[in-house]
S.K.: 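Handing you this structure, nothing more for now.
When a ligand or atom number is given, it counts from 1 through the structure's own listing order. Reckoned from all heavy atoms, side chains included, excluding hydrogens, waters and symmetry mates. Along the sequence shown, residues carry numbers from 1. Remember, predicted model here, so these are calculated numbers, not experimental data.
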Amino acid sequence: MIQLKSLTRIFDDKPVLDAINLEIPEGSFTSLLGPSGCGKSTLLRILAGLDQPSAGTLLFDGEDVREKSATLRNIAMVFQSYALYPHMTVRANIGLPLAMRSMSRLERLPLVTALLPSARRKRAANGREVERIAAMLGLTELLERKPSELSGGQKQRVAVGRALVRDPKAFLFDEPLSNLDTKLRGQMREEISLLHKQTGKTFIYVTHDQTEAMSLSDQVAVMMEGHILQVAPPRILYSRPANTKVAAFVGEHPINLLTVKPVGTALQSPFGAFVLSEAWDGDIILGLRPENIALVENGPLQGRVTRVDYLGGHTLLDVELSEGICLRVADEEGPLVPAVGNVVQLSIAPQKIHLFKAESGERLPLEVRQRGEAV
Ligand SMILES: Nc1ncnc2c1ncn2[C@@H]1O[C@H](COP(=O)(O)OP(=O)(O)OP(=O)(O)O)[C@@H](O)[C@H]1O
């Protein structure tokens, strides 16, 4: 279990991490997801022992590790740049941490290894371990190649292999797939997920790519401007975002957000007329995801299409309901093929509407029911 308590990092008088609280259960896959510059890498570096917090506590299994060096923390970090030694073969790159740990400087000299039986035994044991890891990562055929003779995905696997041989307590991944093309990213994502299941170790994964975070993680911590906005399993993050910022960041297309004023439990809105499960005194932001709006033959809402983006499996539309009120709609490929200028009918499911307090953007723990006709 890794615990961060009020962890703060200040650079040039500015908090890049501002009183971060986070619990990472042992064996879990936790992603740190957020836009560029939100402090993800800084947090990862502090976990690895490559940087120190300005304030707050960092506990590994209840022990304060702030004074512990990176080596003693026994955490492996996999970078996007792979950090492989270009002059060494894959075998030597993967085996290096083992040799460093189990053999003295003298024993690592080729001539000494050949002459000293203890060094020969250690080298043979290390060799078997390298081959076991290489087989696990599908690198057996590539063991004698140099990094320059490998593809991006293969280099990535060697970097993972080098982390694996150290048998660390936890793995830290810093945007490990960002140098790869879309297809390879998908493949590597599956491999990383499999690796997590095989090893049962704690994986902490930094990314700005929500597909990666959502598909891989047990829990995702959404970060923005040095704060953690929500920590939750991917499904909860999507279905019950804690605030408008998370709602806007998570999801394939930007969520529709609209401020309305309820009167007691009655809520009149351009989306329709609804009833709140409890009265609320104050402005409310309604959130509705484009994929929760359907284009139908006969629906309660009507508007004019102002933009059409065909995206393969679905089409993204902007539909103007009335002057200045525009809804983004992600329409699954169906019989209706809308064009700019068409008047279309829409329907929405009230249970898919998210409610937030307008003043703070926080989620409102209320439900909505449809009342009657659209406004
Ligand atoms: N050594 C440093 N000195 C001063 N400012 C720094 C230092 N390291 C990072 N920062 C600043 O801290 C902020 C967070 O940086 P960090 O690298 O943690 O963000 P990130 O979320 O990982 O971004 P990216 O996804 O682009 O890598 C940035 O504004 C960055 O400029």
S.K.: Of all residues at least two apart in sequence or in a different chain, which pass the side chain to side chain contact (heavy atoms under 4.5 Å, CB included) check with E191?
M.R.: R157, Q187, M188

S.K.: What is the distance from atom OG of S41 to atom CG of D51, rounded to the nearest 0.5 Å?
M.R.: 11.0 Å

S.K.: Using side chain to side chain contact (heavy atoms under 4.5 Å, CB included) as the criterion, list what pairs up with T57, not counting sequence neighbours.
M.R.: K5, L59, D64, R66

S.K.: Tell me, which residues have any heavy atom less than 4.0 Å from some atom of ligand 1?
M.R.: F11, D12, V16, P35, S36, G37, C38, G39, K40, S41, T42, E175

S.K.: Salt bridge check: are K169 and E26 linked by an N-O gap of less than 4.0 Å?
M.R.: no

S.K.: Can you sort out the partners of L257 under side chain to side chain contact (heavy atoms under 4.5 Å, CB included), two or more places apart, ordered by chain and number?
M.R.: T244, I255, I285, F356

S.K.: Please lay out, stage by stage, how Q230 and L237 fare under the test side-chain contact (heavy atoms from CB on, under 4.5 Å).
M.R.: CA-CA 8 Å; Q230 186 171 11; L237 218 54; 3.7 Å; yes

